[in-house]
Amino acid sequence: MKVVVFNKREDEEKLLELWEEKNPEIEVESYAEALSLDNIDLAKGADTVSLSSVAKLDDRLYGALKDLGINVISQRSAGFDMYNLDKMNELDMKLINVPSYSPNAIGEFVVASALYFSRNLNLIHENVKKHDFRWQLPILSREIRTMTVGIVGTGRIGRACAKLFKGLGANIIGYDVYESEEAKELLDYVSLDDLYAQSDIITFHVPATDDNYHMINEDSISKMKDGVILINAARGTILDTKAVLKALDDGKIKGAALDVYEHEFDIVNKDKQGKDLNDDMLDEIIKRNDIVYTPHIAFYTETALDNLISLAIDESINYLKTGSSPSIVNK
Ligand code: NAD
């Protein structure tokens, strides 16, 4: 069997080599370039292709792959909105994704962000830069075990966060539109308003649906404790950035960790050094020391990348061998 890998990034190279060593019976060819009508010949002889597309695929590519006898594509991400599933169904082609690659990776990042603000590292660094080395009230910290952590969205990532915060001894409460038995072993479910009222740290792990658009807004922030630490490592659109900036100015929010941003499309995973970002709000977010902004990077660990590669390719081969896979998107 043969798989041709497109969009191979430098950070995937070593991990792909390891996958090849573990699967010597599968022939692997890999290219950094994206699959296109111009280079479709590179896929000749393959049983399946693995892509990591960020842009919408040209509709004509599906037929071109089909002509080469390729009916299965694996996408090395959870998101698959760049694929035309209707077209794939029409041609009886299957798309495989990786719905979950390492919730723990995001969990660790969330805990690091919480500790960054709970231990006042932003203020301490600023003081040290000014050669102010005093122990003093503004940097006197609380330990996580004396705090209540509120988790909104107790799915895979929310639960991974709960496990880690539990290890630090926090009191953990959660809210989800669908409560899970697994989560109940880690946290106590409360209403969303109670979660806002009781939490010292609130972390959001809900999807970007129409219902969740700007669920963190002036009104919801007003229900939170004064001095709350807010973390969004879910999706940018769930948070009204302007409302958060105002609440930081008012001292309502102590610190905000934003791994996602509502207008992030033009910057994530791009080198903009020396270039104007043409986004005043983003400039402010980056400048402020009560915000730690990171470019949608919470997932970015060796383990997660390894899982993205191996779960995508393994499942496409599983499908080819058995005619089924739990990771098929268009069942
Ligand atoms: P999941 O589907 O396992 O869990 C999401 C949970 O949110 C579900 O239990 C759902 O019932 C709940 N939910 C939906 N709307 C809600 C609402 N209004 N209030 C309360 N609960 C609600 O998803 P997941 O894998 O845990 O992912 C969570 C989020 O993290 C997604 O938005 C995903 O895109 C994002 N994510 C971010 C990164 C990153 O690097 N920052 C990486 C992967 C995923």
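Whatever order the structure lists ligands and atoms in, that order sets their numbers, starting from 1. All residue numbers refer to positions in the sequence shown, counting from 1.
Of the charged side-chain nitrogens involved, none lies within less than 4.0 Å of a carboxylate oxygen, so that Lys252 and Asp250 do not count as a salt-bridged pair. Using a 4.0 Å cut-off between a side-chain N of Lys or Arg and a carboxylate O of Asp or Glu, Asp290 and Arg288 qualify as a salt bridge. Ion pairing between a basic and an acidic side chain is recognised when a charged N comes within 4.0 Å of a carboxylate O; Lys129 and Glu126 show no such pairing.
The closest approach between Pro207 and ligand 1 falls below 4.0 Å for a heavy atom of the residue.
Residue Gly158 has no N or O atom closer than 3.5 Å to an N or O atom of ligand 1. Ligand 1 has no nitrogen or oxygen under 3.5 angstrom from a nitrogen or oxygen of Tyr101. In terms of polar-atom proximity, Val152 is not counted as a contact of ligand 1, lacking any N or O under 3.5 Å from an N or O of the ligand.
Nearest to atom 40 (O) of ligand 1 among the protein's heavy atoms is Phe299 N, 3.2 Å. The single protein non-hydrogen atom nearest to atom 33 (C) of ligand 1 is Arg235 NH1, 4.0 Å, given as residue, atom name and distance. In terms of protein heavy atoms, atom 27 (O) of ligand 1 is closest to Ile157 CD1, 3.4 Å. For atom 19 (N) of ligand 1, the nearest non-hydrogen atom of the protein is Tyr175 CE2, 3.5 Å. With hydrogens left out, the protein atom closest to atom 35 (C) of ligand 1 is Ala234 O, 3.5 Å, a heavy atom. Considering only non-hydrogen protein atoms, atom 8 (C) of ligand 1 sits nearest to Asp176 OD2, 3.5 Å. Nearest to atom 25 (O) of ligand 1 among the protein's heavy atoms is Arg156 NE, 3.3 Å. Among protein heavy atoms, atom 31 (C) of ligand 1 sits closest to Val206 O, 3.8 Å.
No side-chain donor-acceptor contact under 3.5 Å links Asp240 to the backbone of Ile216. Here the side chain of Asn97 pairs no donor or acceptor atom with the backbone of Ser74 at under 3.5 angstrom. Under a 3.5 Å cut-off, the side chain of Ser199 and the backbone N or O of Tyr196 do not form any donor-acceptor pair. Counting only distance, with no hydrogens or angles, the side chain of Asn307 and the backbone of Tyr101 share a donor-acceptor pair below 3.5 Å. Under a 3.5 Å cut-off, the side chain of Glu262 and the backbone N or O of Thr241 do form a donor-acceptor pair.
Near Gly155, meaning under 4.0 Å from any of its heavy atoms, are these atoms of ligand 1: 3 (O), 4 (O), 6 (C), 9 (O), 26 (O). Counting the atoms of ligand 1 from 1 in the order shown, those under 4.0 Å from a heavy atom of Asp259 are 39 (C), 40 (O), 41 (N). Counting atoms of ligand 1 from 1 in the listed order, those under 4.0 Å from a heavy atom of Tyr178 are 11 (O). Distances below 4.0 Å separate heavy atoms of His205 from the following atoms of ligand 1: 5 (C), 6 (C), 7 (O), 28 (C). Residue-ligand proximity, Ala233 to ligand 1, at heavy-atom distances under 4.0 Å covers atoms 37 (C), 38 (C), 39 (C), 41 (N). Atoms of ligand 1 lying under 4.0 Å from at least one heavy atom of Asn212, given by number and element, are 14 (C), 15 (N), 16 (C), 17 (C), 18 (N).
A cation-pi arrangement, defined by a distance under 6.0 Å to the six-membered ring centre and an angle within 45 degrees of its axis, is present between Lys270 and Phe265.
Under 3.5 Å, the side chains of Lys66 and Asn71 contain a donor-acceptor pair of N or O atoms.
The ring pair (Phe, Tyr, Trp, His ring centres under 6.0 Å) contacts involving residues 222-263 comprise Tyr261-His263, where partners must be two or more places apart or lie in separate chains.
Partner of Asp11 under the side chain to side chain contact (heavy atoms under 4.5 Å, CB included) criterion, out of Arg9, Glu13, Lys8: Arg9 alone.
Comparing Asp211, Ile297, Val177 by heavy-atom distance to atom 21 (N) of ligand 1, the nearest is Val177.
Proximity of Ile106 to ligand 1, defined as any heavy-atom pair under 4.0 Å, is confined to the side chain (atoms from C-beta onward).
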